[in-house]
Each structure stands twice: as C-alpha cells, then as structure tokens.
Amino acid sequence: MSTNTPSAPRPSVIQLAIKEKAALYAAYIPLFADGGIFIPTTRDYRLGDDVYVLLSLPDDPQRYPVAGKVAWVSPARAAGNRTQGVGIRFPSDEKSRLLKIKIEEILGSHLASDRPTQTI
C-alpha cells in the first residue's frame, strides 16, 4: 500500500560569490548566533524556507555549502531603499561555526564599523 503524501519542496540552491571585503561586510549578519548572510534576490521566499547556499568568500577558492533557513525577507520597494532579498540564518552545526569564524577573521576590524549594511 503506497501513501501518497506530497514531499516537501526541495530547497532552492543559490550560489553567492562575494568578491571583496566591503561586500562581505554588507551581507554578513553577525546578529544571528550561528551567523548568516544576506542574499540579494528577486525570487519570492517565505520565513522558514530552506535554502541551500554555495558561498564563496573573498580571496578564497573554496565554496562553502550552507543549508540555511530564510530568517527575514526584504521585499521589493522596501523602505530606506533596501536591496530586495533574503537573510539566511546558518544552521547551528560545526561547519557553520567554522564558516562564521572564517568570515569574522576576514572582516576583522570591519565588524566594529558603524557603516550601514544591507542587514538588520
């Protein structure tokens, strides 16, 4: 007897290549305990959606796979001319912890800056 339950939609895959430190600073979300990243996109997402991100960092040939979740959405025509896109929260696992450390090492003193970012 087969059950005909619909399977959960597969997470979308987004490739995000960040080429310079300023762009990483603008996209990184230190507010999330496990880290996170802002991804500019015109695609419609909902809070809690699963997103698989292949993240490339400045001066680093490696791509970092992250199975994250949408933690906030900046809609089109958002207030303050914010870029349309989604904030992805990294999962609380060892790979994400190491990625967060790597990003924060790259950013170094930029993290203490009061320059505006694309994030909260």
Side-chain angles (χ1 to χ4, degrees):
M1 185 165 131
S2 71
T3 58
N4 204 2
T5 55
S7 63
R10 293 187 43 189
S12 60
V13 177
I14 299 174
Q15 294 193 39
L16 181 64
I18 298 179
K19 305 253 188 275
E20 66 238 2
K21 217 184 263 196
L24 181 60
Y25 172 78
Y28 179 59
I29 310 169
L31 232 71
F32 294 153
D34 300 301
I37 199 88
F38 177 81
I39 300 175
T41 179
T42 54
R43 194 169 157 186
D44 282 331
Y45 286 98
R46 287 200 206 91
L47 292 178
D49 282 355
D50 289 315
V51 179
Y52 192 76
V53 182
L54 288 171
L55 180 62
S56 302
L57 299 174
D59 304 322
D60 185 345
Q62 187 174 342
R63 289 200 314 187
Y64 297 90
V66 178
K69 284 201 179 295
V70 174
W72 100 77
V73 176
S74 290
R77 298 173 299 285
N81 287 329
R82 287 201 173 278
T83 305
Q84 180 179 1
V86 290
I88 304 298
R89 188 179 68 235
F90 294 166
S92 47
D93 61 20
E94 186 61 13
K95 279 196 311 194
S96 295
R97 194 181 72 74
L98 295 173
L99 177 58
K100 178 179 174 161
I101 290 168
K102 173 116 185 114
I103 290 171
E104 291 181 355
E105 278 172 359
I106 292 169
L107 291 177
S109 61
H110 283 289
L111 276 178
S113 168
D114 355 342
R115 281 191 329 207
T117 71
Q118 295 173 318
T119 69
I120 44 182

Is any side-chain heavy atom of Leu57 less than 4.5 Å from a side-chain heavy atom of Leu99?
yes
Glu20: what forms a side chain to side chain donor-acceptor pair (under 3.5 Å) with it, not counting sequence neighbours?
none
So, taking the atom named CZ in Arg89 and the one named CG in Leu31, what distance separates them when rounded to the nearest 0.5 Å?
12.0 Å
Hey, are the side chains of Val73 and Arg46 touching, using non-hydrogen atoms and a 4.5 Å cut-off?
no
When you check the gap from the basic side-chain N to the acidic O, do Lys69 and Asp50 get nearer than 4.0 Å?
yes
Where Arg63 and Pro65 come nearest, the two heavy atoms and their spacing:
O-CD, 3.5 Å
What closest approach, in Å, do Thr41 and Tyr45 show between heavy atoms, and which atom pair accounts for it?
CG2-CE1, 3.8 Å
Side chain of Ser92, backbone of Asp34: donor and acceptor closer than 3.5 Å?
no
Between Val51 and Val86, is any pair of side-chain heavy atoms under 4.5 Å apart?
no
With a 4.5 Å heavy-atom cut-off, do Leu55 and Ile103 have their side chains touching?
yes
Between Gly68 and Pro91 the two heavy atoms that sit nearest each other are CA-CD, 4.3 Å
Quick one: does Lys102's side chain get under 4.5 Å of Asp60's, heavy atoms only?
yes
Which distance, rounded to the nearest 0.5 Å, do you find between the CG of Leu16 and the CD1 of Ile39?
5.5 Å
Heavy-atom closest pair (Gln84 atom, Pro75 atom, distance to 0.1 Å) is CG-C, 3.9 Å
Over all atoms of both residues, closest heavy-atom pair of Phe38 and Ser74:
CE1-OG, 4.1 Å
Where do Leu24 and Pro58 come nearest, in terms of heavy atoms and distance?
CD2-CD, 4.1 Å
Can you tell me how far CD1 of Ile29 sits from NZ of Lys100, rounded to the nearest 0.5 angstrom?
11.0 Å
Taking C-beta and beyond as the side chain, do Phe90 and Val53 meet within less than 4.5 Å on heavy atoms?
no
Hydrophobic cluster membership, with links at side-chain heavy-atom distances under 4.5 Å among I/L/V/M/F/W/Y: are Val70 and Tyr52 in one?
no
Is there a side-chain contact between Ile18 and Tyr28 in this structure, where contact means two heavy atoms from C-beta onward sitting under 4.5 Å apart?
no
CG/Leu47 to CH2/Trp72 distance, rounded to the nearest 0.5 angstrom?
11.0 Å
